Amino acid sequence: MPFAPFRPRRPRLAAAAVTAALAAAALSAAPASADDDELAQVHARLETPAVFDDAAGGNANADDPAIWNHPSDHGGDLVITTLKQAGLAVYDASGHEIQRLAAPAPPRDGDEPGRFNNVDLVYGFRLGDRKVDLAVVSDRGRDTVRAYAIDPRAALKHVAPLTDVTDAAAPFVFSTSLDQVNDQETAYGIASWKDGHGAAYAALSRRHTPRVGIVRLEATAGGKITYRHVRDVDLPSSFALPGGGSWSPCEDPGRGPQVEGMVADEEHGVLYAAQEDVGIWRIPLDGGTPRLVDKVKDFGVPATYNPDTDECEVTGPDPGAGGRHITPDAEGLTIYRKDDGEGYLLASSQGDDTFVVYDREGSNKYLGHFRVAPGPNADGSEECDGAMVTSARVGGFKNGLLVVHDGFNAPDETGPDGEVRTNTNFKFVDWKDVAEPLDLDVTPGAWDPRD
């Protein structure tokens, strides 16, 4: 059957209407406090080469990074990234590309090709008689989890460190048939973790729905990686409002409020999930009740989808139920890990090109916000989808590293016919440059991803 065409953007609230609604709410709101603090401006130390989402560029569209630490030599540290239909790109800690891996071809004429959306890491996975580190990827096009073993020796030599170890018979994550895969309500975001017994798991969000599925990664007798379904978590699509009534986020007809950005915190037993136009959820890994940590600013604003403009148009006053820190979409989530379970949760506030920092512990108190702005070495980050931070040293980044996606890399480049080519990449930010203006800690060496 034919598949639905890819739409690069979901409908947004019409800009003028939502600005007026939020302004009206602000007039009657209590005096602001947390959101009146100064927005820190930080700069990337370097960036990866631009990739282009057209035929000449191999349909490459940057999305999500994962930072891998070499077990013995920081000269072999890697940043592994998704390029959607162009598969994976692997960079060294200086931002040089050292490997490109293609996404799978369509299994039949007219089927969707592979499309790598998000990537995460599993350290020390038992594969036969050896332990390997894995990059695990959500293949949105084919509705599967793909796994790649990382070779430390090749990484140190900067030559093709990843090898595909995905079982050819690995099942679909959500779909029941190839035709359903082509409808593209498929695996979207991914976050991985290991439990106290060493078993490895991955959470996969389902595109266009509020569902998150949990799978357990397993080794086959043939030395490949497959997985089995454990359970599903269905987040709400409708929310009660203060004073009565309910609200549902405005979406295309037939679609629900989806999740993409996720990160697992094994030490605290929770999964954080960014429901794009709702907020950030804290989901217990043991199956407990999810809790909304923070809401997007226009949470509760009534709106209706207009098919003529492909926008969500505000239809009433803002009830003042929203948060103060995230302009939708809520996107990439990542954790700066310190010793003893301390640290910070970072979130991409995609709608205003900023990042929000919360305490990792307790009630996830808001701590500050910052923007990766244009600087002497690279332009800034706009419409960031994926991000990863680590407190461990990475290459020459002795203070830790933050890698963020840039959805509009500059400068623009034009094709032979004068058209502007979609240009994306990743920015590398020294953690100290984020921490100092926000009065956050810098703790290199306090956390080891292999512990």
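Since this is a predicted model, take the numbers as computed values, not measurements.
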Discussion item. Taking Gln180's backbone N and O only, do any of them form a donor-acceptor pair with Ser177's side chain (distance below 3.5 Å, no angle check)?
Written reply: yes
Worksheet item: Does Asp265 reach the side chain of Arg337, with side-chain heavy atoms less than 4.5 Å apart?
Response: yes
Fill in: For Ala44 against Ala378, the heavy-atom pair lying closest together
CB-CB, 4.2 Å
Discussion item. When you compare the side chains of Asp37 and Tyr366, does any donor N or O come within less than 3.5 Å of an acceptor on the partner?
Written reply: yes
Worksheet item: With the threshold set at 4.0 Å, does a side-chain nitrogen-carboxylate oxygen contact exist between Arg211 and Glu185?
Response: no
Worksheet item: Take atom NZ in Lys398; do more than 12 heavy atoms of anything else shown fall under 6.0 Å from it?
Response: no
Worksheet item: What is the distance from atom CG of Leu438 to atom OH of Tyr344, rounded to the nearest 0.5 Å?
Response: 9.5 Å
Worksheet item: For atom CZ of Arg130, is the number of surrounding heavy atoms from other residues, nucleotides or ligands below 6.0 Å larger than 12?
Response: no
Worksheet item: With sequence neighbours left out, what residues match Phe428 under ring pair (Phe, Tyr, Trp, His ring centres under 6.0 Å)?
Response: none
Worksheet item: Would you call Arg146-Asp164 a salt bridge at under 4.0 Å N-O?
Response: yes
Item to complete: Decide, yes or no, whether a salt bridge links Lys427 with Glu47 under the criterion of side-chain N to carboxylate O below 4.0 Å.
Response: yes
Worksheet item: Taking 4.0 angstrom as the limit, do Glu97 and Arg100 come out as a salt bridge?
Response: yes
Worksheet item: Between the side chain of Ser175 and the main-chain N/O of Phe172, is any donor-acceptor distance below 3.5 Å?
Response: no
Worksheet item: If you look at every heavy atom in Asp143 and Ala187, which pair is closest and at what distance?
Response: OD1-N, 2.9 Å
Discussion item. Could you measure the distance from the CZ atom of Phe355 to the OG atom of Ser381? Nearest 0.5 Å is fine.
Written reply: 4.0 Å
Discussion item. Pair Leu134, Ile225 - check side-chain contact (heavy atoms from CB on, under 4.5 Å), show working.
Written reply: CA-CA 10 Å; Leu134 299 174; Ile225 307 294; 4.1 Å; yes
Worksheet entry | Qualifying residue, where the test is side-chain contact (heavy atoms from CB on, under 4.5 Å) with Thr82 and the options are Ile190, Asn61, Asp385, Leu88 | Leu88
Discussion item. If you define the side chain from C-beta out and look only at heavy atoms, does anything of Ile335 sit under 4.5 Å from Val389?
Written reply: no
Worksheet item: Does Val122 offer a backbone N or O that forms a donor-acceptor pair with the side chain of Lys194 under 3.5 Å?
Response: no
Discussion item. Checking Val403 against Val429 for the side-chain contact (heavy atoms from CB on, under 4.5 Å) test, could you report, in this order, the C-alpha distance in whole Å, the side-chain angles of both residues, the deciding distance, and whether it holds?
Written reply: CA-CA 6 Å; Val403 178; Val429 182; over 6 Å; no
Fill in: Under 3.5 Å side-chain donor-acceptor pair for Thr327 and Asp352
yes
Item to complete: Decide, yes or no, whether a salt bridge links Arg450 with Asp133 under the criterion of side-chain N to carboxylate O below 4.0 Å.
Response: yes
Worksheet entry | Between Asn117 and Ser138, a side-chain donor and acceptor under 3.5 Å | no
Worksheet item: Would you say Ile67 and Leu401 make side-chain contact, with heavy atoms under 4.5 Å?
Response: yes
Worksheet item: Do Glu218 and Arg228 sit within salt-bridge range, that is, some charged N less than 4.0 Å from a carboxylate O?
Response: yes
Discussion item. Treating Gln99 as the side-chain partner and Leu162 as the backbone partner, does any N or O pair qualify as donor plus acceptor under 3.5 Å?
Written reply: yes
Fill in: Under-4.0 Å salt bridge between Glu260 and Arg140
no
Fill in: Side-chain touch Val356/Leu346, heavy atoms, less than 4.5 angstrom
no
Worksheet item: Between Asn182 and Glu112, is any side-chain donor less than 3.5 angstrom from a side-chain acceptor?
Response: no
Discussion item. Do the side chains of Asp77 and Arg393 get close enough for a salt bridge, i.e. N-O under 4.0 angstrom?
Written reply: no
Worksheet entry | Ring centers of Tyr227, Tyr201 separated by less than 6.0 Å | no
Response to the item:
Interatomic distance, CD@Glu342 vs CD@Glu267, rounded to 0.5 Å, equals 10.0 Å
Discussion item. In the structure I gave you, are the side-chain heavy atoms of Arg360 and His268 within less than 4.5 Å of one another anywhere?
Written reply: yes
Worksheet item: To the nearest 0.5 Å, what is the distance between CZ (Phe397) and NZ (Lys432)?
Response: 14.0 Å
Practice prompt. Report yes if some heavy atom in the side chain of Asn423 is under 4.5 Å from a heavy atom in the side chain of Phe52; otherwise report no.
Written response: yes
Fill in: Which atom of Ala330 lies closest to which atom of Gln275, heavy atoms considered
CB-O, 4.2 Å
Item to complete: Could you tell me whether the side chain of His369 reaches within less than 4.5 Å of the side chain of His325, counting heavy atoms only?
Response: no
Item to complete: Report yes if the side chains of Ile150 and Leu78 come closer than 4.5 Å at any heavy-atom pair, otherwise no.
Response: yes
Worksheet entry | Spatial distance of atom NE2 (His229) from atom CD1 (Ile214) [nearest 0.5 Å] | 8.0 Å
Fill in: Any donor-acceptor N or O pair under 3.5 Å, side chains Asn364, Asp294
no
Item to complete: Show your reasoning for whether side-chain contact (heavy atoms from CB on, under 4.5 Å) applies to Val212 and Asp232.
Response: CA-CA 6 Å; Val212 176; Asp232 292 324; over 6 Å; no
Fill in: Asp139/Arg142 ion pair, N-O < 4.0 Å
no
Response to the item:
Shortest non-hydrogen pair, Pro107 vs Leu178, comes out as CG-CD2, 3.8 Å
Discussion item. Looking at every non-hydrogen atom in both residues, tell me the closest pair between Trp247 and Asp277 and how far apart they are.
Written reply: CH2-O, 3.6 Å
Worksheet entry | NZ/NE/NH1/NH2 to OD/OE distance under 4.0 Å, Arg153 and Asp151 | yes
Worksheet entry | Euclidean distance, Asp329 CG relative to Gln350 CD, rounded to 0.5 Å | 5.0 Å
Fill in: Ser348 side chain vs Cys384 backbone, donor-acceptor pair below 3.5 Å
yes
Worksheet item: Are Asp441 and Lys338 within salt-bridge range, i.e. N to O under 4.0 Å?
Response: yes
Worksheet entry | Polar side-chain atom of Asp298 near backbone of Val301 as donor-acceptor pair, under 3.5 Å | no
Worksheet entry | Tyr336/Trp431 aromatic ring centres below 6.0 Å | yes
Worksheet item: Between Thr81 and Val119, which heavy-atom pair has the shortest distance, and what is it?
Response: CA-CG1, 4.4 Å
Worksheet item: Which is it for Val404 and Leu402 under the side-chain contact (heavy atoms from CB on, under 4.5 Å) test, yes or no, and what are the steps along the way?
Response: CA-CA 7 Å; Val404 299; Leu402 169 66; 3.7 Å; yes
